[in-house]
Amino acid sequence: MRDQFTDGLKRALAGFRAFSPGQKVATSAALLALVIGGIVYATWHATPAYAPLYTNLAPADASAIVDKLNSGGIPYQLAAAGTEVMVPQADVYSSRLQMSAANLPSSSQSGYALLDKEGVTTSQFQQQIDYQRAMEGELDNTIESINGVQSASVHLAIPQQNVFNDGSSKSTASVLLGVAPGTTLTNEQVQSIAYLVSSSVPGMTSDGVTITDSNGTVLNAPGTSGSSLALSATQQDATQQFDDRLSSQLQTMIDATVGVGHAVVTVNGSLDFSKSVTTRKSYVWSKKAPPVSLQKTTESYTGGKNGTGGTLGTTQTTNGVTVGSGGNYRKTTALVNNALGTQTETKETAPGQLSKLSVAVLLDKSAKNVSVPAVTSLVNSALGLQKQRGDTLSVQAVPFDTTAAKAAAAQTALATKTAAQQQAHQAMLSMIKQGAFGAVVLAVVLGAWLGGRRRKRRPVEDAPVEELFAAQEEPAEPAEMEPVAPAVPHLAPVTNLSEAAARRRALMDVAERKPDDAAKLISSWLRSREG
């Protein structure tokens, strides 16, 4: 295999030597371009992708981290004016572990790690200050973990707890946020930050937390009712989603009737977000249950015409029974206390109930199949509008102004055409480049092939000129034809046309390559002939 490689290399070198100067230059340029392209591709492919190791670093931390990376032989790049260190993506996590083992970045160790430095001789005031700083550092790290927040700085104002503090002084906090470019914190995120801070500090409420961003915009402050703002934003989002859903459904239904682009639907719903609780209490009695208590009284009297103790000729009524001169007195009393059960029903209405709905439909009068009564009936049936609730519906048919739509369509068509032309132009340039490269390669290959053929076809090009004109001692006598008389003395006779043509080409080639030698030989030949 080694000999084959050596033979192939020798043939390639021999073929290259047979090239003309122009072919050698073209071949060398093509090989050089291939080598440079391969080197560039290998370099680009071998370049690792970098990812942030740490961001928003202090200068001291950035310097310490760079020194640690240099000592470990890890490549790095600096970005964001030196506040961001980037390492190859494959080395991010291992590098972070190494930096953490070296307590880097040290500025991030501002949480409860500060309390590790305290000793037995630390004063109470110093302990309180260190505790406050530790809480601020922990809150900084917690808030920075929220998406969209690049940096956070928390300052706490905690009143000193002593016997003279009556509890009227409340703890407060201020938070400065560094937001990522192009990011806007929502009201829910701002309120969550306020809740995180207030829940971490004793005696602090969310209203005592002031939050601002790096642009100086106040996001939350005492008296702004951040929770109310967040709730209001949520209610607005819910209302907008409700309106969009109904509008989309109606738009799809009407477009199927009058065609796309010939109807506009607007829905405005009023949602009741109040929460109400209704409690109803009722008493139930079961006939099968035994009574709790039972009292029964029965009296009976049977006598003469005149009742004892009564007045003659008078009557007496007792418990609804009349006792007269004829007697027959009776008294019956029954008292039953049945067991009663209590049933309590609590009904809680969820917020977001629809209180009113207003719908407006605008139809294109110039479109086909436009029927205002039909569309009105469809919308009423689809939404279940209730007049007693105050729902309203308006359907109007007017001619649409299509000027803007036509202009937009023309611009879209022009942009599409321009994009297609640019794409075709780029494709043409790419084809031209590929064709040119292919032509260069083909020229190099063709030149090498022609050079090889030419070298093989001229095996006598390095022979002396005299040998080409040497005469044969005995002319060959062909078997079937007479020998052709030589056109020049001292030349051997030829026996066929192919040999004569080859001899003629060889003579012409020698005359072109070595004109001086050929001229001298012909001159000497002429002089010898004249003599």
Which pair of heavy atoms, one from [X] and one from [Y], lies closest together, and at what distance?
X      : Y      : result
Gln150 : Pro181 : NE2-CD, 3.8 Å
Val197 : Ala173 : CG1-CB, 3.6 Å
Glu144 : Ala152 : OE2-N, 3.4 Å
Ser171 : Val201 : CB-CG1, 3.9 Å
Thr257 : Met253 : OG1-O, 3.4 Å
Ala397 : Val370 : CB-CG1, 4.2 Å

Between the side chain of [X] and the main-chain N/O of [Y], is any donor-acceptor distance below 3.5 Å?
X      : Y      : result
Ser100 : Arg96  : no
Asp364 : Ala263 : no
Asn380 : Thr376 : yes
Ser199 : Leu196 : no
Asn337 : Val292 : no
Ser145 : Thr142 : yes
Ser377 : Pro373 : no
Ser430 : Gln426 : no
Ser381 : Leu378 : no
Asp213 : Thr217 : yes

[atom2] on [Y] to [atom1] on [X], rounded to 0.5 Å:
X      : Y      : atom1 : atom2 : result
Glu136 : Ser174 : CD    : OG    : 8.5 Å
Tyr54  : Ser95  : OH    : OG    : 8.5 Å
Lys68  : Ser63  : NZ    : OG    : 13.5 Å
Ser151 : Asp140 : OG    : CG    : 9.0 Å

Going through the checks in order, is the side chain to side chain donor-acceptor pair (under 3.5 Å) test met by Thr205 and Asp207? CA-CA 5 Å; Thr205 60; Asp207 292 337; 5.1 Å; no

Would Leu185 and Val149 satisfy side-chain contact (heavy atoms from CB on, under 4.5 Å), going step by step from the backbone distance to the final call? CA-CA 8 Å; Leu185 297 180; Val149 179; 4.2 Å; yes

Trace of the side-chain contact (heavy atoms from CB on, under 4.5 Å) decision for Leu219 with Thr212: CA-CA 5 Å; Leu219 305 177; Thr212 61; 5.8 Å; no

Verify side chain to side chain donor-acceptor pair (under 3.5 Å) between Ser358 and Thr392, making sure each step is shown before the conclusion. CA-CA 5 Å; Ser358 300; Thr392 59; 3.3 Å; yes

Do Gln241 and Asp237 pass the side chain to side chain donor-acceptor pair (under 3.5 Å) test, and can you show the C-alpha distance, the side-chain angles, and the key distance before you say yes or no? CA-CA 6 Å; Gln241 292 177 5; Asp237 293 340; over 6 Å; no

Would you say the side chain of [Y] lies within less than 4.5 Å of the side chain of [X], judging by non-hydrogen atoms?
X      : Y      : answer
Tyr50  : Pro75  : yes
Thr342 : Lys281 : yes
Thr239 : Phe273 : yes
Lys347 : Val277 : no
Pro399 : Ser366 : no
Val398 : Leu362 : yes
Val361 : Val264 : no
Gln191 : Asn220 : yes

Does Gln423 CD have over 12 foreign heavy atoms under 6.0 Å away?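 Not buried by this count: 12 neighbours or fewer within 6.0 Å.
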
Considering residues, nucleotides and ligands other than Asn147, do more than 12 of their heavy atoms fall under 6.0 Å from its CG?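 No, CG of Asn147 has 12 or fewer neighbouring heavy atoms, counting only those of other groups under 6.0 Å.
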
What verdict does the side-chain contact (heavy atoms from CB on, under 4.5 Å) test give for Ile65 and Leu53, after you've listed the backbone C-alpha separation in whole Å, the side-chain angles of each residue and the deciding distance to 0.1 Å? CA-CA 10 Å; Ile65 291 175; Leu53 178 64; 4.2 Å; yes

Could you walk me through whether Leu383 and Asp391 satisfy the side-chain contact (heavy atoms from CB on, under 4.5 Å) test, starting with their C-alpha distance in whole Å, then the side-chain angles of each, then the deciding distance to 0.1 Å, before giving a yes or no? CA-CA 10 Å; Leu383 298 181; Asp391 298 345; over 6 Å; no

